[in-house]
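Structure first, then comments.
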Amino acid sequence: MARISPADIRAMSPSVKVVVERHTREAHQHVTNMKATLSHSLSAFEAYMHLYPLYDEVRKILGNKNAALLGWSVAKGGNCELCIAQFRKDLFDIGYNPDNLFLAENEKDLTDFGFALSRHKGRVADHLYRTIASRQTTSAMVLILAFAGQVVAAGIFNCLAETELDDYLYEYKEPLRFV
């Protein structure tokens, strides 16, 4: 059960409702449980929605697969079930099965970087950082770091609020693995 219930869009204040509806229209997104929970505060909603344009920019830099891999690995490092499921969905949507990925060296570097970034609260080993940074411009690296930071922030928010997984994401939950 969520610690904070998602707001009902019909009961939102007019100022919040306008912003939420504009986001859903412009981003071609629906109101997820996270967005509905964030919409209790206009400032919080607006702050977290910057994740989407950052993701779009990172897709332009890295390509769809690598951007989704980065988001997925950051989400995994932060252990956010909702975020993991969303990025797994993104990978499936572009034709990749995250349970059966064969990663090129640069993709493995990117996922190691994303996982470490989240798992170690931004303290990434120099060799991991340099590997990614050596392939990017300074501007691109700033976008990549900002996107990863937003994924970390979304994960923390969702874990703290205990945001429930959206119905459409259940099929994308990570399978249980027994060791």
For Asp93, all residues meeting side-chain hydrogen bond (donor to acceptor under 3.5 Å, both in side chains), sequence neighbours excluded: Lys89

Sequence neighbours excluded, every pair satisfying side-chain hydrogen bond (donor to acceptor under 3.5 Å, both in side chains) that has a member inside residues 67-79: Lys76-Glu174

Listed partners of Asp90 passing salt bridge (charged side-chain N to carboxylate O under 4.0 Å, His left out), at least two apart: none

Same cluster (ILVMFWY, side-chain, under 4.5 Å), Leu70 and Leu101: yes

Listed once per pair and sorted, the side-chain hydrogen bond (donor to acceptor under 3.5 Å, both in side chains) pairs that draw on residues 116-145, sequence neighbours left out: Asp109-Arg135

Listed partners of Asn97 passing side-chain hydrogen bond (donor to acceptor under 3.5 Å, both in side chains), at least two apart: none

From OG (Ser41) to OH (Tyr48), nearest 0.5 Å: 10.5 Å

ILVMFWY cluster, Met34 and Leu42 together (side-chain gap under 4.5 Å): yes

In one Ile/Leu/Val/Met/Phe/Trp/Tyr side-chain cluster, 4.5 Å: Leu103, Ile132: yes

Other ILVMFWY residues reachable from Met1 by side-chain steps of under 4.5 Å: none

Smallest separation among heavy atoms of Ser39 and Met12, with atom names: OG-CE, 3.0 Å

Asp167: partners by salt bridge (charged side-chain N to carboxylate O under 4.0 Å, His left out), with sequence neighbours left out: none

Pairwise side-chain contact, Phe87 with Val74, heavy-atom cut-off 4.5 Å (strictly under): no

Residues that, via side-chain heavy atoms closer than 4.5 angstrom, fall in one hydrophobic cluster with Phe92: Leu82, Leu165, Tyr168, Leu169, Tyr170, Tyr172

Output a table of donor-acceptor pairs, distance under 3.5 Å, between side-chain atoms of residues 61-69 and any protein atom two or more places apart or on a different chain; print 'none' if there are none.
| from | atom 1 | to | atom 2 | distance (Å) |
| --- | --- | --- | --- | --- |
| Lys65 | NZ | Glu107 | OE1 | 3.4 |
| Lys65 | NZ | Glu107 | OE2 | 3.1 |
| Asn66 | ND2 | Leu62 | O | 3.4 |

hydrophobic_cluster_shared for Leu54 and Leu117, side chain cutoff 4.5 Å: yes

Hydrophobic cluster identity match, Leu51 and Leu110, side-chain contacts under 4.5 Å: yes

Expected list for residues 16-25: side-chain donor-acceptor pairs under 3.5 angstrom, two or more places apart:
| from | atom 1 | to | atom 2 | distance (Å) |
| --- | --- | --- | --- | --- |
| His23 | NE2 | Lys35 | NZ | 3.1 |
| Thr24 | OG1 | Val20 | O | 3.4 |
| Thr24 | OG1 | Glu21 | O | 2.8 |

Just distance, no hydrogens or angles: give the donor-acceptor pairs under 3.5 Å from side chains in residues 145-164, sequence neighbours left out.
| from | atom 1 | to | atom 2 | distance (Å) |
| --- | --- | --- | --- | --- |
| Gln150 | NE2 | Ala47 | O | 3.3 |
| Asn158 | OD1 | Thr163 | OG1 | 3.0 |
| Asn158 | ND2 | Ala154 | O | 2.9 |
| Glu162 | OE2 | Arg3 | NE | 3.4 |
| Glu162 | OE2 | Arg3 | NH2 | 3.4 |
| Glu164 | OE2 | Ala2 | N | 3.1 |

Salt bridge Glu57-Lys60, side-chain N to carboxylate O under 4.0 Å: yes

Fellow cluster residues of Phe102, listed by chain then number, with links counted only when side-chain atoms sit under 4.5 Å apart: none

Rounded distance (nearest 0.5 Å) linking atom CD of Glu171 with atom CZ of Arg88: 10.5 Å

